[in-house]
**Q** 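There's a structure below that I have some questions on.
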Amino acid sequence: MNFKLDKITRENVKGLRPYSSARDEYVADGTEMVFLDANENPFDNGANRYPDPHHRNLKYALSERKGIAVDRMLLGNGSDEVLDLIFRAFCEPRIDNIITLPPTYGMYSVLAGINHIDNREVLLTQNFQPDVAGILKRTDENSKILFLCSPNNPTGNSFTEDKVVELLENFEGLVVIDEAYIDFSDKTSWTKRLDDYPNLVISQTLSKAYGLAGIRLGICMASKEIISILNKIKPPYNVNDLTQNHAIKRLQGEARIRLEIAEILNQKKLLMKVLKHVPFIEKIYPSDANFILVKVDDANRRYEQLLKTGIVIRNRSNQPLCEDTLRLTVGTPEENIKLVMALKAIN
Ligand SMILES: *Cc1c(COP(=O)(O)O)cnc(C)c1O
């Protein structure tokens with residue numbers, strides 16, 4: 001393990017002082033205060049004040065739930081912003097590179113493009129596991145980030161612990177594990193291993209299992225040293241007040257979230273059974289997530305047929321190792337019945 005945070009941080013970021021906002025200086029402590037510091041409109045409409053730039057109350061709620069200290073946590077406008085901040089803190093445009101493992105989530109490559117960073121792709125193996133030797137062979141001293149998506153989108157499987165450990169121990173940049181689907185999985189979150197690996201960064205989101213894609217809330221967890229670098233470049237008001245308050249409210253109804261997840265997993269199991277009997281479905285891939293990847297005889301044709309019945313799914317055929325595959329999100333019981341009826345009706 002030869003990881004040095006200072007070595008992989010961009011020079012300009014090292015010297016940065018974060019923007020100091022009016023609300024940084026004063027923390028509400030319950031006393032009645034007169035706020036004349038931020039040029040806001042003083043008339044209350046529920047959103048006339050700037051949001052807390054440090055997202056304290058929401059972080060406390062998340063910290064309690066996830067068992068991660070507040071200073072090891074950064075929140076963003078969806079995981080998309082969190083991932084972009086990681087690029088901007090550690091990857092020097094036109095010089096550095098990242099490693100991604102297709103077939104996987106498309107945003108890593110989009111963000112690499114936006115930040116002018118070379119994206120080195122090392123395909124997953126036939127059973128959708130990381131090719132550790134291949135990854136380390138493509139790595140050089142400018143390889144700043146390795147993206148591991150586990151459970152992986154669109155394949156649905158999780159990466160085995162031994163492969164991830166081997167990468168954490170041998171990759172000298174950051175290993176970002178995208179756990180967008182972890183709450184659907186019975187595997188342990190890598191957040192439990194933060195103490196063991198100084199190069200480990202975990203990204204989670206409220207967009208999937210927590211049912212809050214519309215409010216945009218992404219969570220980054222890492223060492224407090226990494227988090228404090230990201231905090232320096234984060235826009236001060238990146239998570240708005242409506243989002244913070246809505247998330248806190250939702251987290252208070254933990255029992256309901258657990259029920260929804262259980263129902264989704266139960267529906268997934270039922271769907272898996274039914275899909276086995278659809279003649280044009282050739283293979284159903286195992287899934288630790290809330291979607292199912294299937295291989296069909298002719299993905300374009302089946303996609304169009306379903307669309308005509310009003311059902312929108314994702315055609316993943318243009319991804320490597322995914323020829324003629326479709327990705328189906330598990331819906332409500334009613335939606336899944338519609339999907340099954342449509343699958344049975346087309347031929
Ligand atoms: C859906 C998804 C996300 C979520 O991104 P947000 O910006 O938080 O909505 C992140 N990673 C993966 C792999 C996903 O599939």
**Q** Does the side chain of Leu212 reach to within under 4.5 Å of the side chain of Leu217, using non-hydrogen atoms?
**A** no
**Q** Quick one: list whatever passes salt bridge (Lys or Arg N to Asp or Glu O under 4.0 Å) with Arg216, sequence neighbours left out.
**A**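 Scan of Arg216 (salt bridge (Lys or Arg N to Asp or Glu O under 4.0 Å), adjacent residues dropped) gives Asp80.
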**Q** Nearest heavy-atom pair of Tyr285 and Ile292: which atoms, and what distance?
**A** O-CG2, 4.4 Å
**Q** Treating Asn290 as the side-chain partner and Ala209 as the backbone partner, does any N or O pair qualify as donor plus acceptor under 3.5 Å?
**A**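 Side chain of Asn290 to backbone of Ala209: no pair is present.
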**Q** I'd like to know if the side chain of Thr243 and the backbone of Ile215 have a donor-acceptor N/O pair within less than 3.5 Å.
**A**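 Checking the backbone N and O of Ile215 against the side chain of Thr243, a donor-acceptor pair under 3.5 Å is found.
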**Q** For Thr104 and Phe147: C-alpha separation, side-chain torsions, deciding distance, then whether side-chain contact (heavy atoms from CB on, under 4.5 Å) applies.
**A** CA-CA 9 Å; Thr104 193; Phe147 283 100; over 6 Å; no
**Q** Under 4.5 Å between any side-chain heavy atoms of Ile177 and Phe159, yes or no?
**A**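 The answer is no; the side chains never approach within 4.5 Å.
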**Q** Using modelled atom types and a 3.5 Å cut-off, is there a donor and acceptor pairing between side-chain atoms of Gln305 and backbone atoms of Asn347?
**A** yes
**Q** Ion pair present between Lys14 and Glu11, side-chain N to carboxylate O less than 4.0 angstrom?
**A**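 Yes.
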**Q** Do any N or O atoms from the side chain of Asn238 and from the backbone of Leu75 form a donor-acceptor pair under 3.5 angstrom?
**A**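 Checked: pair present.
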**Q** Between Lys66 and Glu179, does any side-chain N to carboxylate O distance fall below 4.0 Å?
**A**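 Salt bridge flag = no for Glu179 with Lys66.
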**Q** If every non-hydrogen atom of Thr309 is compared with every non-hydrogen atom of Leu306, which pair is closest and at what distance?
**A** OG1-O, 2.7 Å
**Q** Should the pair Glu260-Arg256 be classified as a salt bridge under the 4.0 Å nitrogen-to-oxygen rule?
**A** yes
**Q** So which atom in Gln244 and which in Val239 form the shortest heavy-atom distance, rounded to 0.1 Å?
**A** NE2-O, 2.9 Å
**Q** What do the steps show when you test Leu339 against Leu271 for side-chain contact (heavy atoms from CB on, under 4.5 Å), and what is the final call?
**A** CA-CA 9 Å; Leu339 171 68; Leu271 259 182; 4.0 Å; yes
**Q** Compare all side-chain heavy atoms of Leu62 with those of Ile68 and state whether any distance is below 4.5 angstrom.
**A** no
**Q** Indicate yes or no for a side-chain donor-acceptor contact from Gln129 to the backbone of Thr160 under 3.5 Å, with no hydrogens or angles considered.
**A** yes
**Q** Without swapping roles, check the side chain of Asn48 against the backbone of Asn41 for a donor-acceptor pair under 3.5 Å.
**A**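 Indeed, once roles are kept as given, a pair shorter than 3.5 Å links the two residues.
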**Q** I need the Leu148 CG to Leu101 CG distance, nearest 0.5 Å.
**A**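 Going from CG on Leu148 over to CG on Leu101, the span is 6.0 Å.
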**Q** Are Asn240 and Asn77 close enough that a side-chain donor and a side-chain acceptor fall under 3.5 Å?
**A** no
**Q** Is any side-chain heavy atom of Met73 less than 4.5 Å from a side-chain heavy atom of Met221?
**A** yes
**Q** If we count only N and O atoms by modelled type, under 3.5 Å, do the side chains of Asp324 and Ser317 hold a donor and an acceptor together?
**A** no
**Q** Roughly how far, to the nearest 0.5 Å, is NE2 of His54 from NZ of Lys59?
**A**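 Taking NZ in Lys59 and NE2 in His54, the distance rounds to 8.0 Å.
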**Q** Which salt bridge (Lys or Arg N to Asp or Glu O under 4.0 Å) pairs, counting each pair once, include a residue from residues 135-157, with sequence neighbours left out?
**A** Asp96-Lys144, Arg120-Asp140
**Q** Within the distance-only criterion (no hydrogens, no angle test), does the side chain of Lys338 pair as donor or acceptor with the backbone N or O of Ile311 below 3.5 angstrom?
**A**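 Here the side-chain-to-backbone pair does not exist.
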**Q** When rounded to the nearest 0.5 angstrom, what distance separates CD1 in Ile219 from CG in Leu206?
**A**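 Here the rounded value is 4.5 Å.
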**Q** Identify the two heavy atoms, one from Glu172 and one from Asn2, that lie closest to each other, and give their separation to 0.1 Å.
**A** OE2-CB, 3.6 Å
**Q** Calculate, to the nearest 0.5 Å, the distance between atoms OH and NE2 belonging to Tyr60 and His55 respectively.
**A**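 Rounded to the nearest 0.5 Å, the OH-NE2 separation comes to 13.0 Å.
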**Q** Is there a donor-acceptor pair under 3.5 Å between the side chain of Arg327 and the backbone N or O of Arg316?
**A**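 Absent.
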**Q** Using a 4.5 Å cut-off on heavy atoms from C-beta on, say whether the side chain of Val201 contacts that of Ser203.
**A** no
**Q** Give the minimum heavy-atom separation between Ile98 and Tyr108, together with the two atoms involved.
**A** CD1-O, 4.0 Å
**Q** Would you say the side-chain atoms of Arg10 pair up with the backbone N or O of Arg88, donor to acceptor, closer than 3.5 Å?
**A**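 A pair under 3.5 Å: yes.
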**Q** Determine whether the aromatic ring centres of Tyr197 and Phe3 lie less than 6.0 Å apart.
**A** no
**Q** Less than 4.0 Å between a side-chain N and a carboxylate O, is that true for Lys295 and Glu282?
**A** no
**Q** If you apply the rule side-chain contact (heavy atoms from CB on, under 4.5 Å), what do you find for Asn115 with Cys91, and how did you get there?
**A** CA-CA 8 Å; Asn115 288 288; Cys91 296; 5.9 Å; no
**Q** So, Asn152 side chain and Asn157 main chain: donor-acceptor pair closer than 3.5 Å or not?
**A**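 Answer holds: no.
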**Q** Is the number of heavy atoms from other residues, nucleotides or ligands under 6.0 Å of Lys283 NZ greater than 12?
**A**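 Counting other residues, nucleotides and ligands, NZ of Lys283 stays at 12 neighbours or fewer.
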**Q** If you look at every heavy atom in Ala38 and Tyr50, which pair is closest and at what distance?
**A**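 Closest approach of Ala38 to Tyr50, heavy atoms only: O-CE1, 3.7 Å.
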**Q** Could you tell me if Arg49 sits above the aromatic ring of Phe35, with its cationic atom closer than 6.0 Å to the ring centre and no more than 45 degrees from the axis?
**A**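 Geometry flag: not set, cation outside 6.0 Å or 45°.
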